[in-house]
Amino acid sequence: MNIERYLTEHHQGTPGQIFRLLRQGRVKVNDRLIDSPRETVDTSDQVTVDGLAVTGRRPQYLVFNKPVGVQTDLTPVVPHSLGSMLNALDQQQSLQILADLPRTIAGLTLVTDDNTFLTEVQGQTWPSTLRVQLTGTTPLTLPQNIAAEVVEQRPD
């Protein structure tokens, strides 16, 4: 069968995603770089994507709504951490966290075993915007220590 079909059947992505993997030089068969979706493979071939053997296992992407007081440590024995929760769920993979939120901060955090995805996301420079609507009496100017920009002010 061709490499595109092989990778699709082994849950490595959609045909478009697999074509990108091939074009980016991330697929090898028997330690030989493959860039054509028409390359043929059989069950005796050693197929790797990003250096990891293709076994039919899908990468995991877990999103947590981390409350205040929970650590983003992935070590299973650290109490009140994502690691202790994953341990309770019997999730023993080599996971990495996208952003380390302090214990005193609540927010969404992403945990995955897809190192290439993490590297690509961390390399992005997306602008972020937080829109807040305040009601009641608010100061006309922001304190000096707040890194913010007033987008729009509307009187009640």
Side-chain angles (χ1 to χ4, degrees), residues 1-133 145-149 151-152:
M1 88 175 60
N2 69 31
I3 187 70
E4 180 184 13
R5 182 172 175 200
Y6 180 88
L7 292 174
T8 301
E9 287 181 2
H10 285 83
H11 310 291
Q12 298 300 304
T14 64
Q17 292 168 329
I18 290 168
F19 181 73
R20 252 189 321 277
L21 290 172
L22 292 164
R23 195 176 61 216
Q24 293 171 348
R26 296 167 57 185
V27 179
K28 289 184 178 181
V29 175
N30 300 326
D31 292 323
R32 188 171 53 92
L33 194 62
I34 303 299
D35 60 0
S36 170
R38 293 191 178 105
E39 182 76 26
T40 58
V41 295
D42 60 36
T43 55
S44 65
D45 288 322
Q46 295 286 329
V47 180
T48 62
V49 175
D50 295 331
L52 299 173
V54 173
T55 61
R57 190 185 148 288
R58 295 179 182 179
Q60 289 196 356
Y61 305 93
L62 307 170
V63 177
F64 293 98
N65 185 7
K66 185 194 90 55
V68 171
V70 173
Q71 298 180 52
T72 54
D73 191 320
L74 295 176
T75 309
V77 294
V78 174
H80 304 292
S81 70
L82 292 179
S84 64
M85 183 174 66
L86 289 168
N87 190 35
L89 295 173
D90 198 26
Q91 297 286 319
Q92 294 293 324
Q93 298 96 1
S94 58
L95 298 170
Q96 293 184 8
I97 196 158
L98 178 62
D100 188 17
L101 295 177
R103 177 177 237 177
T104 57
I105 300 293
L108 292 179
T109 187
L110 174 72
V111 177
T112 183
D113 58 357
D114 187 345
N115 294 332
T116 303
F117 172 77
L118 280 178
T119 303
E120 288 176 5
V121 170
Q122 289 168 337
Q124 299 299 314
T125 56
W126 293 313
S128 63
T129 302
L130 173 63
R131 184 172 292 271
V132 178
Q133 180 176 345
N145 63 346
I146 294 181
E149 170 184 348
V151 176
E152 177 182 349

Residues Ile18 and Glu4: closest non-hydrogen pair is CD1-O, 3.8 Å
ask   = Is Arg20 paired with Glu120 through a side-chain N to carboxylate O contact shorter than 4.0 Å?
value = no
Taking the side chain as every heavy atom from C-beta outward, state whether Ile97 and Leu82 have any atom pair closer than 4.5 Å.
yes
| field | Close side-chain approach of Leu62 and Leu110, heavy atoms under 4.5 Å | value | no
Exercise. Does atom CG of Asn65 have more than 12 heavy-atom neighbours, drawn from other residues, nucleotides or ligands, at distances under 6.0 Å?
Worked result: yes
Looking only at heavy atoms, the pair that brings Leu21 and Gln12 closest together is CD1-O, 3.9 Å
Interatomic distance, CG@Leu22 vs CZ@Arg38, rounded to 0.5 Å, equals 12.0 Å
So ring-ring contact (aromatic ring centres under 6.0 Å, His included) across residues 100-123, not counting sequence neighbours, yields Tyr61-Phe117
Side-chain donor-acceptor contact under 3.5 Å, Ser44 with Asp42: yes
Nearest heavy-atom contact between Val27 and Leu33 is O-CD1, 3.5 Å
**Asked** Tell me, do Val54 and Tyr6 make a side-chain contact under 4.5 Å, heavy atoms counted?
**Response** yes
Please determine whether side-chain contact (heavy atoms from CB on, under 4.5 Å) holds for the pair Lys66 and Gln71, giving the CA-CA distance in whole Å, both sets of side-chain angles, and the decisive distance to 0.1 Å. CA-CA 8 Å; Lys66 185 194 90 55; Gln71 298 180 52; over 6 Å; no
With no hydrogens and no angle check, just 3.5 Å: does a side-chain donor-acceptor pair link Asn2 and Thr40? no
One should read off an interatomic distance between Arg32 CZ and Asp45 CG, to the nearest 0.5 angstrom, of 8.5 Å
When every non-hydrogen atom of Ser84 is compared with those of Pro79, the smallest separation belongs to OG-C, 4.3 Å
Report task. Please check if the side chain of Thr112 supplies one atom and the backbone of Asp114 the other of a donor-acceptor pair under 3.5 Å. Result -> yes
Looking only at heavy atoms, the pair that brings Leu95 and Leu74 closest together is O-CD1, 3.4 Å
**Report entry** Side chain to side chain, Gln46 and Lys28, heavy atoms closer than 4.5 Å
**Finding:** no
Margin query: Is there a side-chain contact between Gln122 and Leu98 in this structure, where contact means two heavy atoms from C-beta onward sitting under 4.5 Å apart?
Written below: yes
Please check: side-chain N/O of Arg103 versus main-chain N/O of Gly69, any donor-acceptor pairing under 3.5 Å?
yes
Less than 4.5 Å apart, side chain to side chain, heavy atoms only: is that true for Asn115 and Asp50?
no
message = Are the side chains of Gln96 and Val111 in contact, using a 4.5 Å heavy-atom criterion?
response = no
ask   = Does Val78 offer a backbone N or O that forms a donor-acceptor pair with the side chain of Thr75 under 3.5 Å?
value = no
